[in-house]
Amino acid sequence: MEDNVTLKIGDNSYECPVITGTENEKAFDIRKIRAESGYISYDESYGNTGSCQSEITFINGEEGILRYRGYPIEQLAGSSSFLESTYLIIYGELPSQEQLNLFREKVRRSAEIHVGMENHFDGFPTSSHPMAILSAMLNSLGCYYPEMSSNDRHQDLESFDDAAAVLLSKVRTIAAMTYRMKVGRPFIYPKPDLSYSENFLHMMFSNPYQDFEDKSGLAEALDLFFLLHADHEQNCSTSTVRMVASGGANLFASVSAGVCALWGPLHGGANQAVIKMLQEIHDSGDDGHRFIESAKSGKAKLMGFGHRVYKNYDPRARILGKAAERVLSSIGYENDPLLNIARNLEQAALDDDYFVERKLYPNVDFYSGLILKAAGIPPEFFTVMFAIGRMPGWLANWHEVASNDKARIHRPRQIYQGPAQRDYIPLEQR
Ligand code: ACO
């Protein structure tokens, strides 16, 4: 087995040590090459760059494998809960019953937000996008916990357990309050006897005079949705959290940046874009085939399809596809026209050379929007739901960066392509 990769530049050879991962994935370490040769490596948008070594999540995109801390996503989706998997992602091991009870209790006790923070909602126009509100509120939340957001990583690490519970719990409260503010309804406060996902539905949809009744198992479907989104190694938002953390920023600031990175339609915003696409296909009287042709001609993108890492079926999409069927039939929507269009699009794409050759398969966002829509979540909030689910991964990745004494600030290089040196021309001569 090779210990080094030899890089030849002109007549010179450079030795790059090989790093081997648990699952035998290999990288060669080029960190010393610039000092030795003057060259940097070039990999725009980081398609083939390992930015860190991590112990949290493993993905094999060719085989469609996803594991949190070694446990296959299918087993966790079948047997675990969002909070249990969250504990696993953050602390590295499945909890004992006692540990799980204590963790649940900590999250439960952290659900309310400071009344001063409730006033922040008055400052946003009701037309604000909920992701903008969420990012701003999570960053502001740190101001209420100065002892947990000191930007001294040793101090912030000491209070990490409390800060993690605060963020996990309150991200859900803030999301629900944002919804209530936007629709002009009074805030509903969390209830101690409800589970994580039940409480979220309660804060979203209960009224002061009538509690929300979950007759169709929506809380269970949401819990699965959150669990499947809980971490996904070095994606755009998690890399952002790590980037911000590498400068020494506190947990609240780092996850607030993660929310902004998640917002775009090529990342977390795709779940909202999928429903928009399905609705437009439906409204135009297409069964999906015309849309497939326009995606092939480059005029449109089949949202919820394709992935930088998965060149096979995204295992989360497989699980969510089945869950969407279950949820929609439990509310009597088994023939929902949008579900039918999604099924047609999937089949048409899987049978089509364009998608097969490019290895484009459904990703996590393809079916998730149908579940959220069935749960009564407005499309504008779909990416907020993703953010609630992704919080454990952001927390664990922040912790990994902050607790690494050898971690350096993230600072990529570039190849400058602008003008060469030139002399300043006084204004009157231009
Ligand atoms: N529909 C049609 N064609 C596509 C799609 C798509 N959804 N995705 C990729 N392609 C095509 C590209 O046009 C390109 O074709 P070409 O080789 O003829 O130029 C080829 O497939 C390779 O695509 P890239 O854009 O190079 O793939 P990249 O890894 O950069 O992008 C991404 C991955 C952003 C996910 C892309 O597939 C996409 O935009 N998908 C739709 C948006 C989406 O669903 N995003 C969610 C991703 S999962 C997540 O973040 C939770």
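For ligands, and for the atoms within them, numbers begin at 1 and follow the listed sequence. The residues of the chain are indexed from 1 along the displayed sequence.
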Query raised in the report: Is the side chain of Ser330 donor-acceptor paired with the backbone N or O of Val327 at a distance under 3.5 Å, no angle test?
Result: yes

Requested in this report: Measure the distance from atom 48 (S) of ligand 1 to every protein heavy atom, then report the residue, atom name and distance (to 0.1 Å) of the closest one.
Outcome: His307 CD2, 3.5 Å

Query raised in the report: Checking ring-ring contact (aromatic ring centres under 6.0 Å, His included) against Tyr87, which of Phe103, Tyr71, Tyr68 comes through?
Result: Phe103

Report task. Examine the side chains of Asn48 and Asp43 and answer whether a donor and an acceptor come within less than 3.5 Å of each other. Result -> no

Query raised in the report: Would Tyr416 and Gln414 count as a side-chain hydrogen bond (donor to acceptor under 3.5 Å, both in side chains) if you check the C-alpha gap in whole Å, the side-chain angles of each, and the deciding distance to 0.1 Å?
Result: CA-CA 6 Å; Tyr416 175 67; Gln414 64 164 16; over 6 Å; no

Query raised in the report: Pick from Tyr313, Tyr367, Phe366: which one makes a ring-ring contact (aromatic ring centres under 6.0 Å, His included) with Phe305?
Result: Phe366

Requested in this report: Determine, stepwise, if the pair Ser237 / His267 fulfils side-chain hydrogen bond (donor to acceptor under 3.5 Å, both in side chains).
Outcome: CA-CA 8 Å; Ser237 55; His267 190 16; 3.0 Å; yes

Report summary line: Among non-hydrogen protein atoms, atom 16 (P) of ligand 1 lies closest to Arg358 NE, 3.6 Å

Report task. Tell me which protein heavy atom sits closest to atom 42 (C) of ligand 1, plus the residue, atom name and distance to 0.1 Å. Result -> Met303 CE, 3.5 Å

Query raised in the report: side-chain contact (heavy atoms from CB on, under 4.5 Å) with Ile90: which of Leu168, Ile56, Asp161?
Result: Leu168

Query raised in the report: Do ligand 1 and Gly304 have nitrogen or oxygen atoms that lie under 3.5 Å from each other?
Result: yes

Query raised in the report: Which protein heavy atom lies closest to atom 41 (C) of ligand 1, and at what distance to 0.1 Å?
Result: Phe305 O, 3.4 Å

Query raised in the report: Side chains of Tyr144 and Ile113: closer than 4.5 Å at any heavy-atom pair?
Result: no

Report task. Could you see which bit of Tyr354 sits under 4.0 Å from ligand 1, with heavy atoms only: side chain, backbone, both or neither? Result -> side chain

Query - Greater than 12 external heavy atoms within 6.0 Å of Glu220's CD - result: no

Query - Heavy-atom protein neighbour under 4.0 angstrom from atom 44 (O) of ligand 1 - result: yes

Report task. Before signing off on this row, confirm whether Leu266 and ligand 1 have an N or O atom pair separated by under 3.5 Å. Result -> yes

Query - Where ligand 1 meets Ala270 - atom numbers and elements under 4.0 angstrom, heavy-atom basis - result: 43 (C), 44 (O), 45 (N), 46 (C)

Query raised in the report: Can you find a heavy atom in the side chain of Ile65 that is under 4.5 Å from one in the side chain of Ile59?
Result: no

Query raised in the report: Heavy-atom distance under 4.5 Å between the side chains of Val255 and Trp398, does that happen here?
Result: no

Report summary line: Within the 4.0 Å heavy-atom cut-off, what Asp365 brings close to ligand 1 is side chain

Query raised in the report: Starting from atom 30 (O) of ligand 1, which protein heavy atom do you reach first, and at what distance in Å?
Result: Arg308 NH2, 3.0 Å

Report task. Step through the shown structure and confirm whether more than 12 heavy atoms of other residues, nucleotides or ligands are within 6.0 Å of OH on Tyr39. Result -> no

Query raised in the report: Among all protein non-hydrogen atoms, which one is nearest to atom 35 (C) of ligand 1, and what is the separation to 0.1 Å?
Result: Gly306 O, 3.6 Å

Requested in this report: Give yes or no for whether the N/O distance cutoff of 3.5 Å, strictly under, is met between Arg316 and ligand 1.
Outcome: no

Query raised in the report: Do Lys301 and ligand 1 have an N or O pair less than 3.5 Å apart?
Result: yes

Query raised in the report: Which atoms from ligand 1 have a heavy atom of Phe386 less than 4.0 Å away?
Result: 51 (C)

Query - Closer than 4.0 Å: a protein non-hydrogen atom to atom 32 (C) of ligand 1 - result: no

Query raised in the report: For atom 1 (N) of ligand 1, what's the nearest protein heavy atom and its distance?
Result: Leu302 N, 3.1 Å

Report task. May I ask whether atom 23 (O) of ligand 1 is less than 4.0 Å from at least one protein heavy atom? Result -> no

Query raised in the report: Does the protein put any heavy atom within less than 4.0 Å of atom 26 (O) of ligand 1?
Result: no

**Report entry** Protein non-hydrogen atom below 4.0 angstrom of atom 50 (O) of ligand 1 present
**Finding:** yes

Report task. Return the option from Thr383, Leu360, Val364 holding the heavy atom at the smallest distance from atom 9 (C) of ligand 1. Result -> Leu360

Query raised in the report: When the ring planes of Tyr91 and Phe160 are compared, do they come out parallel, tilted or perpendicular, using 30° and 60° as the limits?
Result: perpendicular

